[in-house]
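Only one structure is covered here, and it is reproduced in the block below.
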Amino acid sequence: MDKQAKGNVLIVDSSADNLLLMKEILHGKYQVSLARTGADGLRLARQAPHPDVLLLDTSLPDMDGFSLFQELKCTFFTAEIPVIFLVADQAEERRALREGGADSVGKPLCPETLAARVATQLRLVQANALLKDQHSHLEQLVVERTRAVAQLQDATIMAMASLAESRDPDTGWHIRRTQHYVAALARELRFNPSFTAELTDENIALLFKAAPLHDIGKVGVPDAILLKPGRLSDEEMDVMKLHTVYGRDAIVGVEQALGEGNQFLRYASEITYSHQEKWDGSGYPQGLAGTQIPLSARLMALADVYDALISERTYRPAFTHETAVELIRQGRGEHFDPDVVDAMLVIQDKFLAIAAQFQAP
């Protein structure tokens, strides 16, 4: 191993004899730099490569050694350099340790003591560097594992959501479009002071994840009703409405299995259970009105209806974007939260772009 790899030692001492002695003691083991004034010591300490250990005399011709020490501690690149003070008496030794010195060596110098103290500090520097490398490596592993878990969660959510849509020719695309509509609405709506606290970046990300689950309860609806080509009878519609309950119950089952809830499951439960509620109280399953309806469900309600309007059905062709927007505008304050409609009108071009992006090939 070369001298550079073993460590750099900077010695700052006003005595030429002491400098030569310390260089002789250390030169065969380390790369040694010398300075006789505080100004030169400070300049060398700030140059790259920075010293790994600094030997500092308490008495210098241009400044107090402790003043130089404080200068080093106030500079980013030199703040972590361990400083071994060269002290004349016990008072200076106590002050050196009190002010944060790594160690001290008394004068007159003992070669064996000096060599041992420098070696100890360099071993500590190398150990700290190794720990930092290991910590950085572990942090990177945590980031990678967290990303992998998040990707697995997203894939699982999409698989569950697609199961509910698996008998629809627009498989998967509806849930992708609606989750993007919900996120776009939330990002616009957070500029409204009434919603800023709720619609944080973190919560919008969770809404985006939860939105695809809005119709998972449809797996509990009989095929004869779910796949009926025409309009449903009142009795059949009553059965269809139960998909909100089935979806909510599935999420509650997950919470019970975990033994606790979280913000994602809260949004998932609200969206599955309440996305068919209407602002005027005429929706289902509970007949909630106004702000009784969770915000997540109010966002989902508009996103779901917009996508249904622009999608072809067996009993009608797809509406144009312009017609869909107008029908939603007419539902402002009746079917939909007025604030959510207003947000949609501001960003309707984004809705059009999302609809175009996520189309079946």
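Keep in mind that the numbers below use all heavy atoms, side chains included, and drop hydrogens, waters and symmetry copies.
With sequence neighbours excluded, the residues satisfying side chain to side chain contact (heavy atoms under 4.5 Å, CB included) with Ala289 are Gln292. The ring pair (Phe, Tyr, Trp, His ring centres under 6.0 Å) check on Phe351 picks up Tyr181, Tyr306, with sequence neighbours excluded. Residues that satisfy the salt bridge (charged side-chain N to carboxylate O under 4.0 Å, His left out) test with Asp62, not counting sequence neighbours, are absent from this structure.
When ring centroids are compared, His214 and His243 stay outside the 6.0 Å threshold.
Val252 places a side-chain heavy atom less than 4.5 Å from the side chain of Gln256. Taking the side chain as every heavy atom from C-beta outward, Leu109 and Leu21 approach each other to under 4.5 Å. Counting heavy atoms from C-beta on, the side chains of Leu54 and Val12 come closer than 4.5 Å. Residues Leu232 and Lys228 form a side-chain contact, since some pair of their non-hydrogen atoms from C-beta on lies under 4.5 Å apart. The shortest side-chain heavy-atom distance between Thr120 and Arg123 falls under the 4.5 Å cut-off. By the 4.5 Å heavy-atom criterion applied to side chains, Lys278 and Glu334 are not counted as neighbours. Looking at Ser233 and Glu236, their side chains come closer than 4.5 Å, going by heavy atoms from C-beta outward.
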Full working for side-chain hydrogen bond (donor to acceptor under 3.5 Å, both in side chains) between Gln263 and Arg266: CA-CA 5 Å; Gln263 189 76 335; Arg266 175 199 143 192; 3.2 Å; yes
Stepwise side-chain hydrogen bond (donor to acceptor under 3.5 Å, both in side chains) check, Asp215 with His275: CA-CA 9 Å; Asp215 273 341; His275 71 282; 3.2 Å; yes
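Asp13 and Ser15 share no donor-acceptor pair across their side chains, judged by distance under 3.5 Å alone. Between the side chains of Thr244 and Gln276, not a single donor N or O lies within less than 3.5 Å of an accepting N or O.
Aromatic ring pairs are classed by plane angle as parallel below 30°, tilted from 30° to 60° and perpendicular above 60°; the pair Phe208 and His180 is perpendicular.
Under a hydrophobic clustering in which Ile, Leu, Val, Met, Phe, Trp and Tyr are joined whenever their side-chain heavy atoms come within less than 4.5 Å, directly or via other members, Val105 and Leu122 fall into the same cluster. Hydrophobic cluster membership is shared by Val32 and Leu114, with clusters built from Ile, Leu, Val, Met, Phe, Trp and Tyr side chains linked at under 4.5 angstrom.
Other residues, nucleotides and ligands contribute over 12 non-hydrogen atoms within 6.0 Å of the CD atom of Gln134. Applying the 6.0 Å contact sphere to CD of Glu322 captures more than 12 heavy atoms from other residues, nucleotides or ligands. Within a 6.0 Å radius of NZ in Lys23, no more than 12 heavy atoms belonging to other residues, nucleotides or ligands are found.
Glu277 places a side-chain N or O within 3.5 Å of a backbone atom of Gln286 that can act as its donor or acceptor partner.
Both tests pass for Arg95 against the ring of Phe66: distance under 6.0 Å to the centre and angle within 45° of the axis.
For the pair Arg190 and Asp201, the salt-bridge criterion is met [side-chain N within less than 4.0 Å of a carboxylate O].
Atom CE in Met300 sits 10.0 Å away from atom CG in Leu185 (nearest 0.5 Å).
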